[in-house]
There are 2 protein chains.
Amino acid sequence: MATRTRHPERRQEPLSRERIVDAAVELLDTVGESGLTFRALAERLATGPGAIYWHIAGRAELLAAATDAVVAPALDAADAADATPQEAIRTLAGDLFDAIDDHPWAGPQLGRAPAPPPLLRILEGIGRQVQALQVPEAAQFTAACTLLNYILGVAGQNAANTGTVQPGTDRAEFLDAVATTWARLDPDQYPFTRTVAGQLRTHDDREEFLAGIDLILAGITAGR
Amino acid sequence: MATRTRHPERRQEPLSRERIVDAAVELLDTVGESGLTFRALAERLATGPGAIYWHIAGRAELLAAATDAVVAPALDAADAADATPQEAIRTLAGDLFDAIDDHPWAGPQLGRAPAPPPLLRILEGIGRQVQALQVPEAAQFTAACTLLNYILGVAGQNAANTGTVQPGTDRAEFLDAVATTWARLDPDQYPFTRTVAGQLRTHDDREEFLAGIDLILAGITAGR
DNA sequence: GGGCCAGCTGGAACGGCGTTCCAGCGAACC
DNA sequence: GGTTCGCTGGAACGCCGTTCCAGCTGGCCC
């Protein structure tokens, strides 16, 4: 690994898994998941597709590695020792939300792969706090999974929305367009959706997401 | 549409959007999302790829239509008038779970497309019951979205799991394998996950899912 | 009844993708 | 100094979604 050469630099930085994953994240952030192409990646790295395969098994592994790279910081954030379990879960979820918000393509990837490290680490992080909440052991798994699945749902949905939106339009326009669509729905078929359409315009995704977390936490602690 | 010929039958059933979508669902159920190919579909329909495009705009629309076809029955199930809102939500969620369980490829599709009918219909169905729960108006949107996102999370996760599993292995083997993996994790890094690993072996996905619904419902009604 | 026309068909072709293959290069080791 | 081996990168393969278009066919008008 740590090969040393007497020459001050190689004619260019050698390929490495890390450099490839970094480039992949940049590409994904710029042009979305469908834009991550071995050819485009090779061009960005000034090499050919074949060289990349020496370091990474295929597209699936590349996506998993990129997701891991982007989500890991949120999971590494040390849990402040003086926080309540509720606060710790809110912080973890909020950090995760920010990471997915910055890199929407990572949302749907969170749950993929046979034993994806990110998924397990999220479950573990949540589970510990659930234990700290004094939830009876038989209910801990359900409580942690409910929170996890809610987070995964929001993560995936975030990705679907940002995929829809035109790169040009900003967030307010987008919300306004959706709200208008909802308000025009058939009153007989969609009474509820029409009622809440107005709330869309002023809502904040992150706060809404955390309000959902609080709702589930309330349910977890409801029976004492 | 209803063209009549004097001949007892046309040499073959004419193509139609419905016939195409039906064939697509069969293909998806058999070989998964990556197996849905315009060529394979054309072969199954004894035609060429070009003919399909006369009825359907592209792969995305085909997937959306297939998802709709598979999920619609669960949403059409008339809500029994004498059920409590909680029961109604449990029934809706359970029906949805069964549909996704039978057609895992549909899970990740639920949230796609600009204004996907299935998503809105689920939100509407949940929202009405949330209103019936006497949730204050300002909190209705959050409550309904939390339930919706949880459902979407489970749906997506279900798809990821069934995608991983070998077609040969059955469910018990799969759970056992995951439980074993979890039990072997580093005790320092994954104390919680290790503790709950054993529960995996005896757990029932559907019951677990509904327990999560109940948890959220408890949170919604916790503050009265 | 004969010609026209529009709806519909299906096969060929295009560009691009993930992936594989392999000839070759340069540094490190005997 | 020769050999070896980790690594490179360009060419090629097979498959994909999609487009194009020549042609069929069945209903309509003259």
Side-chain angles (χ1 to χ4, degrees), chain A residues 1-24 27-28 30-67 105 108-109 112-113 163, chain B residues 1-24 27-28 30-67 105 108-109 112-113 163:
Chain A
M1 299 292 165
T3 61
R4 300 212 186 161
T5 58
R6 237 157 265 110
H7 306 297
E9 276 189 349
R10 289 183 35 129
R11 49 176 189 156
Q12 76 168 15
E13 195 84 5
L15 271 187
S16 71
R17 191 183 158 94
E18 190 193 352
R19 235 164 62 85
I20 293 172
V21 171
D22 286 352
L27 215 44
L28 286 163
T30 311
V31 285
E33 185 190 326
S34 66
L36 177 65
T37 286
F38 272 80
R39 282 170 235 274
L41 192 58
E43 191 184 1
R44 189 177 272 249
L45 292 166
T47 180
I52 299 174
Y53 275 86
W54 184 260
H55 299 274
I56 275 179
R59 191 175 196 269
E61 183 180 320
L62 182 56
L63 263 172
T67 304
W105 49 267
Q109 300 303 322
R112 302 263 206 281
Chain B
M1 301 291 166
T3 61
R4 299 212 189 160
T5 58
R6 238 156 267 108
H7 307 296
E9 275 188 350
R10 293 187 28 133
R11 49 179 190 153
Q12 76 168 17
E13 195 86 3
L15 270 186
S16 70
R17 191 184 158 93
E18 190 193 354
R19 234 164 63 83
I20 293 173
V21 171
D22 286 351
L27 215 45
L28 286 162
T30 311
V31 287
E33 184 190 326
S34 66
L36 178 64
T37 286
F38 272 80
R39 282 170 236 275
L41 193 58
E43 192 184 0
R44 189 176 270 251
L45 292 167
T47 180
I52 299 175
Y53 276 86
W54 184 259
H55 300 273
I56 276 180
R59 193 176 196 267
E61 184 180 320
L62 182 56
L63 263 171
T67 304
W105 48 267
Q109 300 304 323
R112 303 262 206 279

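The sequence lines fix the lettering, A, B, ..., with proteins before strands; numbering per chain opens at 1.
- One finds the CD atom of B:Glu33 at 5.0 Å from the CD atom of B:Gln109 (value rounded to the nearest 0.5 Å).
- In this structure, A:Arg59 contributes its side chain and A:Leu36 its backbone to a donor-acceptor pair below 3.5 Å.
- Side-chain atoms of B:Ala51 lie closest to C:dT9 of the nucleotides C:dT9, D:dT8, C:dG11.
- Within residues 34-44 of chain A, the residues having any heavy atom closer than 4.0 Å to DNA chain C are, in order of number, A:Leu36, A:Thr37, A:Phe38, A:Arg39.
- Note: A:Leu27 CG to A:Arg44 CZ = 5.0 Å, rounded to the nearest 0.5 Å.
- Here B:Ile20 contributes atom CD1 and B:Phe38 contributes atom CZ; the two are 8.5 Å apart, rounded to the nearest 0.5 Å.
- In this entry the distance linking CG of A:Leu63 with P of C:dC17 reads 15 Å, nearest Å.
- Atom pair B:Leu15:CG and D:dC24:P shows a separation of 18 Å (rounding to whole Å applied).
- In this structure, CD1 on B:Ile56 lies 4.5 Å from CG on B:Leu62, to the nearest 0.5 angstrom.
- As rounded to whole Å, 14 Å separates atom P of C:dT19 from atom CD1 of A:Ile20.
- Interface residues of residues 52-61 of chain B facing DNA chain D, ordered by number: B:Tyr53, B:Gly58, B:Arg59; criterion, heavy-atom separation under 4.0 Å.
- Side-chain atoms of B:Thr37 never come within 3.5 Å of backbone atoms of B:Ala40 as a donor-acceptor pair (strictly under, hydrogens ignored).
- Counting heavy-atom neighbours within 6.0 Å of A:Glu61 CD, excluding the residue itself, gives a total above 12.
- How far CG of B:Leu45 is from OG of B:Ser16: 9.0 Å, rounded to the nearest 0.5 Å.
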